[in-house]
Amino acid sequence: MKITTWNINSVRLRMPLVARFLKSHSPDVLLLQETKCRDAEFPASDFRSLGYPHLAINGQKGYHGVAIASKHPLEPLGARDFCKAGHARHIAAEVKVGGEPLRLHNFYVPAGGDEPDREINPKFAHKLDFLDEMREWTRDEGVSQGRVILAGDLNIAPLEHDVWSHKALLKVVSHTPIEVEKLTKAFDAGGWVDALRRFVPAEEKLYTWWSYRAADWSASDRGRRLDHIWVSPTLGGALREMQVLREARGWERPSDHAPTTIVLEV
DNA sequence: ATGGTAGCGATGCTA
């Protein structure tokens with residue numbers, strides 16, 4: 001079972017890149033964030049043609065938006081409106097593998113704006129509240145019980161080597177101590193396994209995102225690990241492979257995020 | 001310390 005998460009930054013604009021990725025890597029399931037279109041505008045027929053006819057979509061006009069595309073039938077499990085903000089930032093579905101259901105939660109956590117102070121920046125306050133709700137939801141609803149994957153653009157790089165410079169980014173939204181603490185509490189509440197770090201030690205750099213604003217993103221290599229795949233305790237032993245497709249960041253008119261994939265033996 | 005780019009959709013907001 002191969003599962004990819006990718007912040008696509010407009011699914012309509014980048015459908016050719018999605019097609020290129022699906023044809024070359026053929027994941028069973030693709031989780032997308034920042035689709036940036038209403039459900040009626042989602043390029044469903046393109047996904048059907050590519051062999052991904054099963055879709056669970058939660059979109060909105062212009063901003064945010066998440067989707068799950070699958071080769072295998074999906075059982076929709078709905079979308080939670082975190083913080084009652086009316087944003088499309090979560091979608092869940094179940095896919096059957098070998099007769100056993102595998103539950104998928106696809107997240108797009110708020111980026112949080114520029115100023116890391118909840119008193120003066122409502123977007124940062126929203127991000128912190130969103131993370132608190134993720135922890136409470138995980139704890140109170142037993143979200144990580146059974147075969148479950150929580151993945152997506154979590155917009156936080158929690159470890160020192162999830163960013164190009166820990167020291168330089170301590171006051172930069174995505175790597176501040178308060179965000180890291182709240183994300184870690186949500187992670188601990190589920191007993192989740194950090195699937196990507198199972199394959200790359202904490203002492204090694206690992207990024208999934210490189211800013212559009214760099215003159216040469218690859219040469220400067222000032223990346224961050226903003227995209228994550230967490231698996232439930234039950235699935236930890238089933239992890240076999242991980243890949244961050246860095247080369248996709250160098251494709252024509254790319255997303256600023258790279259497709260990030262795990263393989264599970266289930 | 002600063003400013004740099006991108007998408008949506010029609011002006012500034014979000015990232």
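In what follows, chains are A, B, ... by sequence order, proteins preceding strands, each numbered from 1.
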Between A/Tyr212 and A/Tyr108, which is nearer to the 5' end of DNA chain B once each is assigned its nearest nucleotide? A/Tyr212
Residue set satisfying salt bridge (charged side-chain N to carboxylate O under 4.0 Å, His left out) with A/Arg118, at least two apart, ordered chain then number -> A/Asp129
Report yes or no: is there a donor-acceptor pair, N or O only, under 3.5 Å between the side chain of A/Arg213 and the base of B/dA15? yes
Among Ile, Leu, Val, Met, Phe, Trp and Tyr joined by side-chain contacts under 4.5 Å, find the other residues sharing a cluster with A/Val163 and list them by chain and number. A/Trp164, A/Leu169, A/Val172, A/Tyr207, A/Trp210, A/Trp217
Sequence-distant partners of A/Phe107, ring pair (Phe, Tyr, Trp, His ring centres under 6.0 Å), two or more places apart: A/Phe82, A/His90, A/Trp137
May I ask you to list the residues sharing a hydrophobic cluster with A/Trp209, side-chain cutoff 4.5 Å, ordered by chain and number? A/Leu226
Quick one: hydrophobic cluster around A/Leu159, which other residues, with the 4.5 Å side-chain cut-off, linked directly or via members? none
Check whether any side-chain N or O of A/Ser10 sits under 4.0 Å from OP1 or OP2 of B/dA6, and answer yes or no. no
5'-most contact on DNA chain B (nearest-nucleotide basis), A/Val11 vs A/His257, goes to A/Val11
Within the structure shown, what part of the strands sits under 4.0 Å from A/Arg14 by heavy-atom distance: base, sugar-phosphate, or nothing? sugar-phosphate
Could you list, one pair per line, each protein nitrogen or oxygen that sits under 3.5 Å from a nitrogen or oxygen of nucleotides 1-3 of chain B, together with the distance?
none

Pairs touching residues 172-191 of chain A that satisfy ring-ring contact (aromatic ring centres under 6.0 Å, His included), sequence neighbours left out: A/His166-A/His175, A/Phe187-A/Trp230
Please name the pair of heavy atoms, one in A/Glu160 and one in A/Lys205, separated by the smallest distance, quoted to 0.1 Å. O-NZ, 3.9 Å
Using whole Å, report how far CD of A/Glu34 lies from P of B/dG7. 11 Å
Do the side-chain N or O atoms of A/Arg12 get closer than 4.0 angstrom to the phosphate oxygens (OP1, OP2) of B/dG7? no
A/Phe124 and A/Asp117: which non-hydrogen atoms are nearest, and at how many Å? CD2-N, 3.6 Å
Of B/dC8, B/dA15, B/dT5, the nucleotide closest to the side chain of A/Lys123 is B/dA15
List the residues meeting salt bridge (charged side-chain N to carboxylate O under 4.0 Å, His left out) with A/Arg224, not counting sequence neighbours, and say none if there are none. none
Rounded to the Å, how far apart are A/Asn9 CG and B/dC8 C1'? 10 Å
Does anything in residues 110-121 of chain A come within less than 4.0 Å of DNA chain B? Heavy atoms only, and list the residues if so. A/Ala111
Those residues at least two apart in sequence (or on a different chain) that pass salt bridge (charged side-chain N to carboxylate O under 4.0 Å, His left out) with A/Lys71 are none
Which residues within residues 55-69 of chain A lie with some heavy atom under 4.0 Å of an atom in DNA chain B? A/Lys61, A/Gly62, A/Tyr63, A/His64
Contacts of A/Glu94 meeting side chain to side chain donor-acceptor pair (under 3.5 Å) (sequence neighbours excluded), chain-then-number -> A/Arg103
